Visitor: 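Here it is: the structure, laid out below.
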Amino acid sequence: MPAPRLSVVLTRRLPEVVETRMKELFDVELREGDQPMTREELAAAMRRADVLVPCVTDQIDANLLAQAGERLKLVANYGAGIDHIDVATARMRGVLVSNTPGVVTEDTADMTMALILAVTRRIPEGLAVMQAGKWEGWAPTAFMGGRVGGRRLGILGMGRIGQAVARRARAFGMQVHYHNRRRLRPEIEAEHEATYWESLDQMVSRMDVISVNCPHTPSTYHLLNARRLKLLKPSAVIVNTSRGEVIDENALTRGLRAGEIAGAGLDVFEHGHEINPRLRELPNVVLLPHMGSATVEGRVEMGEKVIINIKTFADGHRPPDLVVPGVM
Ligand SMILES: O=CC(=O)O
């Protein structure tokens, strides 16, 4: 007799091709609307599923895991970041967690570069003038931004995405610097022509652009706190396509308002989609709705990764993208 199909509950709508493939393979429960589940709905889903497929908008904390049913065996996250999942508690309760690394790398690095260009070249200001029908023609001193070529880029977190940003930045003529928990192997560092800074304080104080590309973990929470933000040159720009919690958003907002920081490009925020309203008022800030990995190709590949993780688990093996507590 074939083994019963796994019951898989999706907390959000996924691209259609992903949902269709999942329906062929598993006993899938799709979400009807595209609103995130409430906590009650999440708790109920975790009681009836063998596998839960959440994403960044779902907080899978110890409290919810304590309410999970006996049958919940795998949380197959749709996304690379797993800071919304209490992986250690899950593991203690015998629930595995997997994610979708790798497939978000290039798209997120593209978005990082787009933000660097948007802020330094004042693209949103130009767009606003055009959309308002207020352009009065070319002028020698209008919309002067800064040239990215020759600027020093400090990458905070030189993992897969940080290195993909480095490749792009060099193609734009930027000088690449980085800070990482561990220094890269010499041949990788040479490949990126990157300068390593052991001291984050020193790197922050010398860069023209800082790009946040490290995951959010207890040790990176507010890594760019009020004290470090004060070290930035007043001409410096910060971009963040990783997680908002790495920057103290209120301190950043104060610094931008006071002219102590020249600009920011933010795709992620400290409190999900609750954004410090003052950020929206600033002309030197480009805000995006967490769309770093949002390409059709990327979102389908993320779904394919989720499917491979579930299928491998269903076949009795360790999911290839198993998240090990404490390793991210
Ligand atoms: O933010 C997106 C992800 O974690 O994949």
Side-chain angles (χ1 to χ4, degrees), residues 10-15 18-19 34 36-37 42 52-61 74-87 90 96-116 155-165 211-221 223-224 238-247 249 264-275 286-310 319-328:
L10 308 189
T11 67
R12 300 295 294 267
R13 296 312 302 249
L14 299 185
V18 174
E19 291 185 344
D34 198 26
M37 285 186 171
L42 262 181
L52 183 79
V53 180
C55 58
V56 62
T57 48
D58 304 306
Q59 284 301 325
I60 314 288
D61 55 24
L74 174 66
V75 173
N77 188 53
Y78 181 80
I82 39 88
D83 52 328
H84 55 292
I85 304 175
D86 185 337
V87 181
L96 300 181
V97 177
S98 62
N99 67 341
T100 64
V103 291
V104 300
T105 304
E106 304 300 324
D107 296 326
T108 309
D110 285 345
M111 196 56 93
T112 305
M113 214 54 225
L115 280 174
I116 293 174
I155 299 175
L156 177 44
M158 196 64 157
R160 267 187 274 239
I161 298 176
Q163 291 183 44
V165 170
S211 174
V212 177
N213 297 108
C214 59
H216 166 222
T217 66
S219 53
T220 64
Y221 175 78
L223 207 50
L224 295 180
I238 296 192
V239 296
N240 189 359
T241 53
S242 171
R243 284 292 181 267
E245 290 92 334
V246 179
I247 306 180
E249 192 172 297
L266 308 173
D267 185 43
V268 285
F269 304 90
E270 192 173 339
H271 305 288
H273 66 286
E274 310 279 333
I275 300 162
V286 179
L287 305 176
L288 293 179
H290 198 162
M291 54 194 270
S293 68
T295 64
V296 174
E297 296 83 349
R299 292 287 160 92
V300 170
E301 287 168 13
M302 284 162 67
E304 285 164 356
K305 279 223 151 213
V306 170
I307 291 171
I308 292 169
N309 281 311
I310 301 175
D321 303 307
L322 187 71
V323 178
V324 180
V327 168
M328 279 289 274

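Only heavy atoms go into these numbers, but all of them, side chains included; no hydrogens, no water, no symmetry mates. Both counts, for ligands and for their atoms, begin at 1 and track the order of listing. None of the values given here were measured: they were computed from a predicted structure.
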Visitor: Between H290 and R243, is there a side-chain heavy-atom distance shorter than 4.5 Å?
Guide: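 When only atoms from C-beta onward are counted, H290 and R243 do touch, with a gap below 4.5 Å.
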Visitor: Write out the protein residues near ligand 1, meaning a non-hydrogen atom under 4.0 Å from one of its atoms, in order of chain and number.
Guide: G79, A80, G81, V104, R243, H290
Visitor: Between OG of S293 and CG of D107, what distance do you get to the nearest 0.5 Å?
Guide: 7.0 Å
Visitor: With rounding to the nearest 0.5 angstrom, report the OG1 to CD distance, T100 to E304.
Guide: 11.5 Å
Visitor: From I60 CD1 over to N77 CG, what is the distance, rounded to the nearest 0.5 angstrom?
Guide: 8.5 Å
Visitor: Indicate whether any N or O donor in one side chain lies under 3.5 Å from an N or O acceptor in the other, for T241 and T108.
Guide: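 No, no side-chain donor-acceptor pair sits under 3.5 Å.
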Visitor: If you round to the nearest 0.5 Å, how far is CG of L42 from CG of D58?
Guide: 5.0 Å
